[in-house]
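Along the sequence shown, residues carry numbers from 1.
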Amino acid sequence: MAGLRLGPLLRFVDWETGGSATVWVEADRPCTAEVRCADGAQGTARTFQIAGHHYALVPVTGLTPGTTTAYEVLLDDRRVWPVEGSGFPPSTIRTPDVPCDGVTISFGSCRWSAAPAGEHDPVGPDALDTLAVKLAAEPAAERPDVLLLLGDQVYADATSKATRAWLAARRDLREPPGAEVADYEEYTHLYDESWLDPEVRWLLSTVPSCMIFDDHDVIDDWNTSESWLAEMRRTPWWQERIVSGLMSYWVYQHLGNLSPAELESDELYAAVRAAPDGTDLLRNFAAQADADPACVRWSYRRDFGRTRLLMVDTRAGRVLDEQGRSMLDPDEAHWLREQTLAGRGSYDHLLIGTSLPWLLPPLIHDAESWNAALCRGERGARWARFGEDLRRRADLEHWAAFPDSFEKLTRLIAEAGSGPDAPATVCVLSGDVHHAYVAEPEWPGEAPVARVLQLTCSPVHNSIPRSVQLGFRFGWSRTGRRLGHALARHGRAGRPSVHWGRTGGPWFGNQLMTLTLRGRSAGLRLDQARAVGAGQGAGPGGGARLVTAEERELTAHRDPSHSGG
């Protein structure tokens with residue numbers, strides 16, 4: 001008798017017709033997975049096998065646009081979801097009106113798994129947990145149409161106490177990679193720990209999600225430099241780690257990002273489903289993707305009515321040659337440009353999802369471009385060695401650390417936001433840096449017609465040292481800017497083609513940003529998870545609630561007095 005091991009996750013919902021969706025599940029043995037909706041829509045899929053685990057991505061068809069319908073999951077005709085007595089409302093699939101008048105998108109990144117019930121949580125309440133509790137308790141509350149999870153969905157290199165104990169029962173943690181995950185089975189444990197959290201499990205079953213990896217999904221500072229990668233490849237454990245990381249990402253995150261049509265044309269997906277055991281097929285694919293990143297595209301496009309989302313891989317496809325560093329390989333850069341400019345006038349809002357911020361605090365931007373200049377030899381071999389050591393110690397590997405890529409992205413954003421067919425907004429959505437802020441560029445000469453913003457939000461559930469908080473604040477200050485200019489002059493790094501200022505934040509805490517896009521208008525809200533006691537709206541035992549820290553319209557003219565930097 002088959003049981004539900006993990007899931008369900010509601011992943012893709014079709015915004016073009018409103019008639020289909022996909023639901024991801026993991027079973028504990030081979031079986032046929034079925035999704036049945038209250039309105040008669042349904043779908044089935046046979047599980048496929050990877051490393052002794054059994055998965056299905058169920059295509060659901062026959063949905064009615066503009067409706068919300070409850071669904072249940074069956075394995076070999078036995079209902080396994082919803083779980084009896086869970087206390088949560090039924091999981092639903094909500095489809096858009098066609099044509100739709102707008103979309104609400106919540107986003108964030110960097111989520112350690114929440115502490116088990118009853119245990120002290122050292123990093124405070126989980127924003128996703130808190131959102132789930134709110135939506136479950138208030139069925140009429142506004143809910144996002146989609147969640148964008150912008151990296152570090154799991155931490156392969158920073159495991160919990162419970163996971164370390166589980167790892168210690170499998171192998172000797174005195175041997176590398178120690179208490180970090182080593183193989184595919186250990187990755188599955190991370191996803192179990194994160195997605196079996198009851199609140200998050202229900203939330204992901206009822207709100208569609210789009211995901212992209214960042215470094216901690218594999219290892220801190222993944223692909224930071226050519227010498228870093230060479231060093232990692234010399235270790236005896238790295239090959240298994242990277243192959244397992246890419247395998248698990250393909251299964252747990254990537255497949256659900258794709259539409260049914262994209263899945264239908266995916267040769268690897270077809271081969272894995274057709275094989276009695278797809279492990280070797282997927283392992284070979286992952287090894288090839290690591291050896292030749294240009295052979296696979298992890299980036300993808302989603303259209304939500306007249307809002308276009310481009311989720312961009314800024315980790316696996318980097319070009320690391322110091323004399324030609326690039327955040328994106330040439331094919332990926334061409335894809336991004338093509339998808340950005342295709343159908344000009346057909347979208348009112350352009351969202352570029354990149355785990356790493358495009359616009360950082362100016363001091364940090366200049367420090368990273370200075371460091372990149374040192375590492376490519378602008379000040380000689382001694383400075384280059386110093387630069388490489390500093391790059392790794394200080395995590396200097398954002399867009400600013402790839403100066404040519406930064407400028408290309410800047411020019412592309414300006415082009416996309418200019419002309420009679422320009423969208424109302426172009427927003428770069430990012431995470432990674434464990435705080436939230438809004439930044440806006442100031443363009444020399446003629447500015448784009450669209451309002452351009454960097455919207456950064458993290459963590460969902462993590463922390464940041466007080467000293468680093470102070471450093472980020474200083475990075476926006478006038479003194480910080482001057483120091484950054486001095487570093488850039490020393491490295492002969494040149495100046496970026498745009499100037500920018502902070503128009504919101506910085507905000508620190510566990511948080512989610514929400515964009516509400518209606519026609520050509522756009523609104524932004526930042527909600528933070530705050531711990532509260534009994535009698536303060538969290539139930540008799542205390543807990544957490546979402547508190548709105550910022551709310552504003554984005555399509556109004558910017559108020560220079562709100563600069564803060």
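Note: Tyr55 OH to His53 NE2 = 5.0 Å, rounded to the nearest 0.5 Å. Note that CG of Leu255 is 12.0 Å distant from CG of Leu9, once rounded to the nearest 0.5 Å. Note: Ser369 OG to Leu396 CG = 10.0 Å, rounded to the nearest 0.5 Å. Atom CG of residue Leu487 and atom CG of residue Leu483 lie 5.0 Å apart, to the nearest 0.5 angstrom. To the nearest 0.5 Å, atoms CH2 (Trp250) and CG (Asn257) are separated by 12.5 Å. For the atom pair CG (Leu412) and CD (Gln339), the distance works out to 11.5 Å, reported to the nearest 0.5 Å.
Between Asp290 and Arg233 there is a salt bridge, since a side-chain N of the basic residue sits under 4.0 Å from a carboxylate O of the acidic one. Between Asp366 and Arg495, at least one side-chain N (NZ, or NE/NH1/NH2) sits under 4.0 Å from a carboxylate O, which counts as a salt bridge. For the pair Glu397 and Arg318, the salt-bridge criterion is met [side-chain N within less than 4.0 Å of a carboxylate O]. Salt-bridge formation is detected for the pair Arg301/Asp303: a Lys NZ or Arg NE/NH1/NH2 atom is positioned less than 4.0 Å from an Asp or Glu carboxylate oxygen. Between Asp321 and Arg325 there is no salt bridge, since none of the side-chain N atoms of the basic residue sits less than 4.0 Å from a carboxylate O of the acidic one. Comment: Glu550 does not engage Arg525 in a salt bridge, judged by the lack of any side-chain N to carboxylate O separation of less than 4.0 angstrom. Ion pair Asp214/Arg315 flagged as a salt bridge, since at least one NZ, NE, NH1 or NH2 atom sits closer than 4.0 Å to an Asp/Glu carboxylate oxygen. Electrostatic pairing of Glu378 and Arg376 counts as a salt bridge here, judged by a charged N lying under 4.0 Å from a carboxylate O.
Contact of the Ile352 side chain with the Leu309 side chain is not registered, since no non-hydrogen atoms from C-beta on lie closer than 4.5 Å. Thr425 has its side chain out of reach of Val452: every pair of non-hydrogen atoms, C-beta onward, lies at least 4.5 Å apart. At a threshold of 4.5 Å between non-hydrogen side-chain atoms, the residues Phe474 and Leu363 count as touching. With a 4.5 Å cut-off on side-chain heavy atoms, Leu351 and Val428 do not count as touching. Put simply, the side chain of Pro506 does not reach to within 4.5 Å of the side chain of Phe472, judged on heavy atoms. Counting heavy atoms from C-beta outward, Arg391 and Thr224 have side chains that approach closer than 4.5 Å. With contacts defined as side-chain heavy-atom distances shorter than 4.5 Å, the pair Thr410/Pro496 does not qualify. Contact check for Arg297 versus Glu332: side-chain heavy atoms found under the 4.5 Å cut-off.
Ring pair Trp228/Trp238: centre-to-centre distance below 6.0 Å.
Residue Ser109 comes nearest to Gly151 through the heavy atom pair CB-O, 3.5 Å, listed as atom of the first residue, atom of the second, then distance. Nearest heavy atom pair, residue Met513 against residue Thr456, reads CE-O, 3.4 Å. Of all heavy-atom pairs spanning Gly491 and Ala373, the tightest one is O-CB, 3.2 Å. Shown here for Ser418 and Pro448, the closest heavy-atom pair between the two residues is OG-CA, 3.6 Å. Closest approach of His434 to Ser463, counting heavy atoms only: ND1-O, 2.8 Å. Taking both residues in full, the closest heavy atoms of Cys457 and Leu526 are given as SG-CD1, 4.0 Å, listed atom of the first, atom of the second, then distance.
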| Run the side-chain hydrogen bond (donor to acceptor under 3.5 Å, both in side chains) check on Thr314 and Ser355 step by step: do they pass? | CA-CA 7 Å; Thr314 53; Ser355 62; 3.1 Å; yes
| task | Given side-chain hydrogen bond (donor to acceptor under 3.5 Å, both in side chains), test Ser405 with Glu407 step by step and report yes or no. | result | CA-CA 5 Å; Ser405 296; Glu407 290 297 334; over 6 Å; no
| task | Dump the intermediate steps for side-chain hydrogen bond (donor to acceptor under 3.5 Å, both in side chains) on Ser430 and Thr354, then the final yes or no. | result | CA-CA 5 Å; Ser430 305; Thr354 162; 4.9 Å; no
| request: Carefully, step by step, assess Asp389 and Arg393 under the rule salt bridge (charged side-chain N to carboxylate O under 4.0 Å, His left out). | output: CA-CA 6 Å; Asp389 181 67; Arg393 290 177 183 272; 2.8 Å; yes
| Trp358 and His398: CA distance, side-chain angles, deciding distance, ring pair (Phe, Tyr, Trp, His ring centres under 6.0 Å) verdict | CA-CA 8 Å; Trp358 163 53; His398 299 81; over 10 Å; no
| task | Given side chain to side chain contact (heavy atoms under 4.5 Å, CB included), test Met327 with Leu356 step by step and report yes or no. | result | CA-CA 10 Å; Met327 185 69 85; Leu356 304 174; 3.9 Å; yes
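Side-chain contact, Ser467 with Gln469: no donor N or O sits under 3.5 Å from an acceptor N or O.
Side-chain atoms of Asp313 do not come within 3.5 Å of backbone N or O of Ser299 as any donor-acceptor pair. Checking side-chain atoms of Ser259 against main-chain N and O of Glu262 turns up a donor-acceptor pair under 3.5 Å. Asp220 places no side-chain N or O within donor-acceptor distance of the main-chain N or O of His216, the cut-off being under 3.5 Å. Formation of a donor-acceptor pair under 3.5 Å by the Ser106 side chain with backbone atoms of Leu147 is not found in this model. In this structure, the side chain of Gln253 does not engage the main chain of Met211 through any donor-acceptor pair within 3.5 Å. Remark: the backbone N or O of Asp152 is paired with a side-chain donor or acceptor of Asp217 at under 3.5 angstrom. Remark: the backbone N or O of Asn462 is paired with a side-chain donor or acceptor of Asn510 at under 3.5 angstrom. Looking only at distances, no side-chain donor or acceptor of Arg241 sits under 3.5 Å from a matching main-chain atom of Asp183. Under the 3.5 Å distance criterion, the side-chain polar atoms of Arg11 are matched with a main-chain donor or acceptor of Ser209. Of the possible donor and acceptor atoms, none in the side chain of Asp329 sits under 3.5 Å from a partner among the backbone N and O of Val319.
Within 6.0 Å of CD on Glu267 lie no more than 12 heavy atoms contributed by other residues, nucleotides or ligands. Remark: Gln288 CD is loosely packed, at most 12 non-hydrogen atoms of other residues, nucleotides or ligands lying under 6.0 Å away.
The aromatic rings of Trp383 and Phe386 sit perpendicular, their planes meeting at an angle over 60°, well past the 30° parallel limit. The aromatic rings of Trp298 and Phe213 sit perpendicular to each other, their planes meeting at more than 60°, with 30° as the lower class boundary. Under the 30°/60° scheme for interplanar angles, the aromatic rings of Tyr252 and Tyr184 are found to be tilted.
Of the residues listed (Phe406, Phe402, Trp370), the one engaging His365 in a ring-ring contact (aromatic ring centres under 6.0 Å, His included) is Phe406, and it is the only one. Remark: of the listed residues His461, Arg111, His189, Arg111 is the sole one forming a side-chain hydrogen bond (donor to acceptor under 3.5 Å, both in side chains) with Ser194. The residue from Glu186, Glu180, Glu185 that alone fulfils the salt bridge (Lys or Arg N to Asp or Glu O under 4.0 Å) condition with Arg171 is Glu186.
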